Amino acid sequence: PASLCGTWDIISNDNLEGYMVAMGISPGIRKIALKLKLKKVIEQLEDQYVIKTVSKFRNYSVSFREGQEFEEFTKGLDNRQVKSLVKWEGIKLVCEQIGEKKNRGWAHWVEEDKLHLELYCEGEVCKQVFLRR
Ligand code: RET
């Protein structure tokens, strides 16, 4: 699959609101989050990844090894503890986040030079697209 590495700027963001409601994010934080111009910075060395979500309000960083379950605390998002596992499935880097929320996870992939991200929680899907800087 195409490399996810690089710095990416958001160009579309569908249903972040529904995803945040499903995660139990407060109305005040949701209002701020909806206005943010998000940036992703993705680094990879062999099977080790670092994915940074960057904004003026809050940043979130997660690092993991593909194929190896890890403990993730979603600090500054919904502040939950999940057991996460990230695997390549075809062209998609897919994460399952097992915890209190059902059907929770995400998928990242590159198609036509754009980074696509789907975020899943309790049946809600947020779809984001990013352009390489
Ligand atoms: C913001 C603002 C504060 C509230 C919430 C946010 C959402 C962040 C998300 C991050 C997803 C990160 C992923 C990392 C993967 O490796 C915008 C930081 C809830 C949805 C998928």
Side-chain angles (χ1 to χ4, degrees):
S3 171
L4 305 178
C5 291
T7 299
W8 303 88
D9 294 310
I10 197 160
I11 56 169
S12 70
N13 195 359
D14 295 335
N15 198 37
L16 177 60
E17 175 67 8
Y19 172 79
M20 289 191 294
V21 169
M23 295 233 290
I25 307 292
S26 72
I29 300 290
R30 295 206 307 267
K31 194 173 169 191
I32 295 168
L34 287 176
K35 292 182 183 159
L36 296 172
K37 285 290 163 208
L38 298 174
K39 192 172 87 179
K40 291 278 173 195
V41 179
I42 303 181
E43 295 159 3
Q44 178 192 358
L45 235 171
E46 294 171 356
D47 57 355
Q48 179 83 42
Y49 292 78
V50 181
I51 300 183
K52 295 173 187 156
T53 304
V54 178
S55 77
K56 285 188 173 164
F57 173 60
R58 223 168 247 178
N59 300 326
Y60 182 70
S61 178
V62 62
S63 60
F64 55 86
R65 231 172 247 291
E66 194 235 324
Q68 223 166 284
E69 191 176 78
F70 64 103
E71 294 285 337
E72 179 177 10
F73 180 67
T74 59
K75 185 175 158 60
L77 307 184
D78 62 333
N79 298 302
R80 281 192 175 85
Q81 192 72 36
V82 290
K83 279 199 195 314
S84 300
L85 176 61
V86 183
K87 287 191 234 169
W88 282 104
E89 294 180 6
I91 67 161
K92 299 186 180 182
L93 190 67
V94 176
C95 177
E96 213 182 346
Q97 295 173 311
I98 305 293
E100 186 185 336
K101 294 291 180 182
K102 301 301 159 207
N103 303 313
R104 178 172 184 168
W106 50 256
H108 280 94
W109 70 99
V110 170
E111 220 177 306
E112 292 171 350
D113 290 332
K114 294 182 191 77
L115 175 69
H116 295 257
L117 169 60
E118 283 180 350
L119 296 152
Y120 313 105
C121 185
E122 305 254 336
E124 292 291 332
V125 182
C126 169
K127 175 74 200 281
Q128 301 180 335
V129 181
F130 299 78
L131 206 55
R132 210 186 270 284
R133 176 158 300 175

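As the structure lists them, so they are numbered: ligands from 1, and atoms in each ligand from 1. Residue numbers count from 1 along this sequence. All of these numbers come straight from a predicted model, not from anything done at the bench.
Side-chain atoms of Gln81 do not come within 3.5 Å of backbone N or O of Lys83 as any donor-acceptor pair. Proximity of a side-chain donor or acceptor of Arg80 to a complementary backbone N or O of Thr74 within less than 3.5 Å is not detected.
Within the 4.0 Å heavy-atom criterion, the part of Lys40 lying near ligand 1 is the side chain and not the backbone. At a heavy-atom distance under 4.0 Å, only side-chain atoms of Ile29, from C-beta outward, approach ligand 1. Contact annotation: for Leu38 versus ligand 1, heavy atoms closer than 4.0 Å belong to the side chain alone. Contacts of Leu16 with ligand 1, taken as heavy-atom pairs under 4.0 Å, are absent altogether.
In the vicinity of Tyr19, heavy-atom distances shorter than 4.0 Å reach the ligand 1 atoms 20 (C). Per-residue contacts place Trp106 under 4.0 angstrom from the following atoms of ligand 1 (heavy atoms of the residue considered): 15 (C), 16 (O), 21 (C). Which parts of ligand 1 touch Thr53 is read off a 4.0 Å heavy-atom cut-off, strictly below it: atoms 12 (C). Of all the atoms in ligand 1, the ones that sit under 4.0 Å from a non-hydrogen atom of Ile51 are 15 (C), 16 (O). In summary, the atoms of ligand 1 found under 4.0 Å from a heavy atom of Val62, numbered by their order in the structure, are 15 (C), 16 (O).
A chain of hydrophobic side-chain contacts below 4.5 Å, direct or via other Ile, Leu, Val, Met, Phe, Trp or Tyr residues, connects Ile10 to Val62.
Evaluation of the salt bridge (charged side-chain N to carboxylate O under 4.0 Å, His left out) test over residues 111-133, restricted to residues two or more places apart or in two chains, returns Asp9-Arg133.
In terms of the side chain to side chain contact (heavy atoms under 4.5 Å, CB included) criterion, residue partners of Val54 (sequence neighbours excluded) are, by chain and number, Lys39, Val41, Lys52, Asn59.
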task = For the pair Arg58 and Ile29, evaluate side chain to side chain contact (heavy atoms under 4.5 Å, CB included) and give the outcome as yes or no after the intermediate values.
result = CA-CA 10 Å; Arg58 223 168 247 178; Ile29 300 290; 3.9 Å; yes
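A salt bridge is absent between Glu66 and Lys87; no separation between the charged side-chain nitrogens and carboxylate oxygens falls under 4.0 Å.
No heavy atom of Arg30 sits closer than 4.0 Å to any atom of ligand 1. For the ligand labelled ligand 1, residue Tyr49 lies outside the 4.0 Å heavy-atom shell.
For the residue pair Lys40 and Thr53, a side-chain donor N or O sits within less than 3.5 Å of a side-chain acceptor on the partner.
Counting only heavy atoms of the protein, atom 5 (C) of ligand 1 lies nearest to Leu77 CD2, 3.9 Å.
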